[in-house]
Each structure stands twice: as structure tokens, then as C-alpha cells.
Amino acid sequence: MRILVVGSGGREHALVWKIAQSKLVDKIFCAPGNGGISQLAECVDIKADNIPGLLEFARKEKIDLTVVGPEASLVAGMVDEFSHYKLPVFGPQKKAAQLEQSKAFAKQLMMHYGVPTANFRVFVNIDEAKKYIGARGAPCVIKADGLAQGKGVVVAKTIEEANRAANNMLVNRIFGDAGKRIIVEDCLVGQEASILCFTDSKVIVPLVTSQDHKRIFDNDLGPNTGGMGAYSPAPVVTKELFDEIVQKVFNRILAGLNAERIEYRGILYAGIMLTKSGPQVLEFNVRFGDPETQVILPRLKTDLVEVMLAVVNQKLSRYPTLEWDERACVCVVCAAKGYPGEYAKDKEIFGLDEAAKLPDVVVFHAGTKKMGNKIVTSGGRVLGVTGLGATIKEAINKTYQAVEKIKFEGMQYRKDIGGKALKF
Ligand code: AMP
Ligand code: GLY
């Protein structure tokens, strides 16, 4: 089979790496890919949001399966376009991608179909929003309705902070049209976990649990990022909680989507807060998580391409369970100086081969590119150094040993990835 993976981050490198292990696969292309991906796939210079360009490429190259990484391509209707030309493609259609595209849509669907989530109201008018915030009190959470690259959420400790966030979104439009509607939501307290499922719109097949680290600095301090590291499994999610989440979150949302005649095929990702009164959904994503994918796929033993084809062809019931490596997996993101703000680029990266030689270690590239014989930085999140171990502790040790082999000017990374899992 000829496979096309769309995207250029650490998630896409992990996807390409896993797809390359499939017996079904002869050739992998990645658009646009990165320095690490180019070692496993042929990178083609077409941007992930260039749907006509990707369509033309897939038709010309007779691609048997296209796997879409980023949400923006899904929201823009890439799957609808490919399906129109009978090109098999893994990911939800535009209508289903609304679950991530609009937080108001997702919240309303959750409320309607009994999926546990924080109380909320939707506003387009700043005075009404402020009135509600004043009456409801702080802390509360202000969210831009649309896609804002993970930056559209403010957990406000005071009413003033909440009003300012609402004003910035609705009036100053700091997120453009993504902030023309906002959600004001009750603040939840607890540990977070990411739960991802495959679904073909008929059945749900969950993946193993994981946990992301969103803040830039150790001990969850500093601004939010795209994710500074992850680990799997997340021991905070007990078997009972896991079953409760499948039942109350995934089964109910799927029933809701089907009742609304929205067919969902692909990965469905729920960000969950484990509160004292049970699991509550923070958000849905309509794609693989980044960096969660980097710790989930190294544990997957089942052929990923077979499962993806089963999703596309609505035959997922053939895979009631997936086979998993029992070991734990940890991913530490090495980021450029200045990230998540303005950051430096084109810094040469040293030690990649030494790190990759260590047993049970894979270095996924996120923001890198090849420049002659060198690999240089080209993004904020540069690498996802990933290690497997018999326990989380062993996986942490292996991963940090590998991180210490790698150097580039200004490299920053968290020293406490996986630490929370050690408390169990
Ligand atoms: P979201 O993009 O909706 O997942 O929000 C990003 C982050 O904001 C989450 O990972 C949480 O840490 C935090 N957050 C979102 N909603 C809430 C909430 N209702 N209560 C507390 N924290 C929240
Ligand atoms: N790790 C969070 C996300 O992929 O949205």
C-alpha cells in the first residue's frame, strides 16, 4: 500500500514511524514532514492546509490511504474532499470535526446527550458575558469558541481577570473570529488525563491512557504550550474510571452524534478532568494528541494500518481490543529558547544518533529540518525524546538519559515529566 501522512509535527513522526512497521505498507509519503520523518518517508513540499494540492498529489500517486494529522485540515473539509474522489482517508468529515472546531457546539452536544462536563453559558455580547461572570463569581474559565492553537482558554482566578479575558476575545478579537463567541464555564479541580478512541461511528475501541504536561516549566508553572511531554499509562485512571469514561463519555457522545446524523470515523480524543464528583470532559479533539501519540503508539502492538482501514471501512468491530505493550512510555519535549513565545530557529542539533542508539529509545522530530548533512531546529517544539521501561520510573530514567545526549543552542525541557505518575 501507498500511504500519505499529512502534517509535520512530532505526532506525524510517530504516525509515520508506526505505519512504517505495518506489513501492508510499501511506501510512505508525508506532506510536508520534517527532518526526522524524511528518514522514513518521502517528504513532499505541500502544506497540510493545501487541500487541492494534497488531493492532486494523492490522485497522481495513487495513494491507498491518507492519514490526516492536524485538526485544521479536518475542519477545512479535507476528508470530505478526498471522499468525494473515492480516496480512502482516515479522519472525521467537516461536520464531525465541529466537535473540536466549536467548543459551543461540543458543549451543547454534551449537555444534550448527558456527557458529564462543567456548567457553562455561551456569549457573543460582552455586557451579557460580564453580567454572568459577575453573578457566577470566580474562579471561572473563559474559552474562545473556535480554534486558537491551544491558547484560547483562560482559567481566571478573579472576576477582573475573567472580564479581561472575555473582553480580549469578544471585543479586541485577539483570536480573530475564533473569539467572536465565548464560553464561560465553571472551574473544575482535579487531575487531567487524555483518553483516545478509534471509532467507525458504530463501535468504540479505546486506546491506552496518557497524560500531557501543558505548562512550559516544571511543577506546572508558566504559560501553556502545545505540550511539553507525556506519559502512558496514566495510573490516575483506574480500571473503574476508565470504564466509566467509555460508558458516560464515548458511548454517549457517539450515540448523540449518530442521533444528529453526524457520522464520525477516526480518532476521538477526550481531555478529561477527574474531579471528586467523577470524570468531566474539558474538550474533545478530532485527531491524535500531540505529544500523547508519541507515548501511545510505541505501546501499540496491533498493526496500525489494519485498524485505520477498519475505521475507514466501518469494520472496526473486528478489533474489539487492541494489543498493547505492558511497558510504560515517557516522552520529553525539547523546545527552542523562547518557546512558547518567539523562538530561535536554524540551530544545529547534536547527539541524535547517540540518543537513538540507547535501547528502547526513539527520538521523534517535531520542529526540525535537514540542511545539507545537518539537522537543524525549525519550530518551537523541536524533539520528542521517547523511552519505554518496565515501570514509569524506568521509562523516565531511560528517556532523560537520552535527552542528556542531545544538544542545541538554547534547548529547554521540563525535568519532571512523568513525576505525577510516581505518586501511585
Ligand atoms: P481545553 O482546550 O478546553 O482542554 O483547555 C485547556 C486547558 O485549560 C485544560 O487542559 C485545563 O488544564 C484547563 N481547563 C479547561 N477547562 C477547564 C475547566 N472547566 N476547569 C478548570 N480547568 C480547565
Ligand atoms: N496534547 C493536547 C492536544 O493534542 O491537543
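Computed from a predicted structure; not experimentally measured. Whatever order the structure lists ligands and atoms in, that order sets their numbers, starting from 1.
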| Distance-only polar pair, side chains of T117 and K107, donor-acceptor under 3.5 Å | yes

| request: Mark the output for Y269 as yes if a heavy-atom distance to ligand 2 is under 4.0 Å, and as no if none is. | output: yes

| request: Looking only at protein heavy atoms, identify the closest one to atom 9 (C) of ligand 1 and say how far it is in Å. | output: E192 OE1, 3.6 Å

| task | May I ask you to identify, for V189, whether its side chain, its backbone, both or neither come under 4.0 Å of ligand 1 on a heavy-atom basis? | result | neither

| request: Report yes if D290 has an N/O atom closer than 3.5 Å to an N/O atom of ligand 2; otherwise report no. | output: yes

| task | For S8 and N34, run side-chain hydrogen bond (donor to acceptor under 3.5 Å, both in side chains): C-alpha distance rounded to whole Å, both residues' side-chain angles, the deciding distance at 0.1 Å, then the answer. | result | CA-CA 6 Å; S8 61; N34 65 35; over 6 Å; no

| field | More than 12 heavy atoms from other groups under 6.0 Å of CD on E306 | value | yes

| What are the atoms of ligand 1, with element, lying closer than 4.0 Å to any heavy atom of K103? | 1 (P), 2 (O), 3 (O)

| query | Does ligand 1 have any atom that is closer than 4.0 Å to a heavy atom of D212? | reply | no

| message | Among M273, K214, K107, E100, which one puts a heavy atom closest to atom 22 (N) of ligand 1? | response | M273

| request: Work out whether the distance between some heavy atom of R11 and some atom of ligand 2 is less than 4.0 Å. | output: no

| Between E12 and G69, which heavy-atom pair has the shortest distance, and what is it? | OE2-CA, 3.2 Å

| task | Grab the two heavy atoms, one from G227 and one from P291, that are nearest each other, plus how far apart they are. | result | CA-CD, 3.9 Å

| remark: Scanning both residues in full, the closest heavy-atom pair of L147 with V75 reads CD1-CG2, 4.1 Å

| Which one of V332, I396, D212, V385 satisfies the side chain to side chain contact (heavy atoms under 4.5 Å, CB included) criterion with I417? | V332

| query | Quick one: does G271 get within less than 4.0 Å of ligand 1, heavy atoms only? | reply | no

| Nearest neighbour in protein (non-hydrogen) for atom 8 (O) of ligand 1 | V153 CG1, 3.4 Å

| Option set E185, K143, Q280, criterion heavy-atom distance to atom 19 (N) of ligand 1, minimum | E185

| So which bit of V141 gets within less than 4.0 Å of ligand 1, heavy atoms only: side chain, backbone, both or neither? | side chain

| Considering only heavy atoms, does Q211 approach ligand 2 within less than 4.0 Å through its side chain, its backbone, both, or neither? | neither

| query | What protein heavy atom is closest to atom 23 (C) of ligand 1, reported as residue, atom name and distance in Å? | reply | L282 CD2, 3.9 Å

| field | Backbone or side-chain N or O of L188 under 3.5 Å from ligand 1 N or O | value | yes

| field | Proximity of F123 and Y132 rings by center, below 6.0 Å | value | yes

| task | Return yes if a side-chain donor-acceptor contact under 3.5 Å exists between D290 and Q294, otherwise no. | result | yes

| query | What do the steps show when you test K239 against D243 for salt bridge (charged side-chain N to carboxylate O under 4.0 Å, His left out), and what is the final call? | reply | CA-CA 6 Å; K239 170 88 176 73; D243 291 345; 2.6 Å; yes

| message | Is a donor from one side chain sitting under 3.5 angstrom from an acceptor on the other, for Q191 and Q211? | response | yes

| query | Tell me: protein heavy atom nearest atom 13 (C) of ligand 1, and distance? | reply | V155 CG2, 4.0 Å

| query | Is there at least one pair of N or O atoms, one from K214 and one from ligand 2, spaced under 3.5 Å apart? | reply | no

| query | Of all the non-hydrogen atoms in the protein, which one sits nearest to atom 3 (C) of ligand 2, and at what distance? | reply | R287 NH1, 3.6 Å

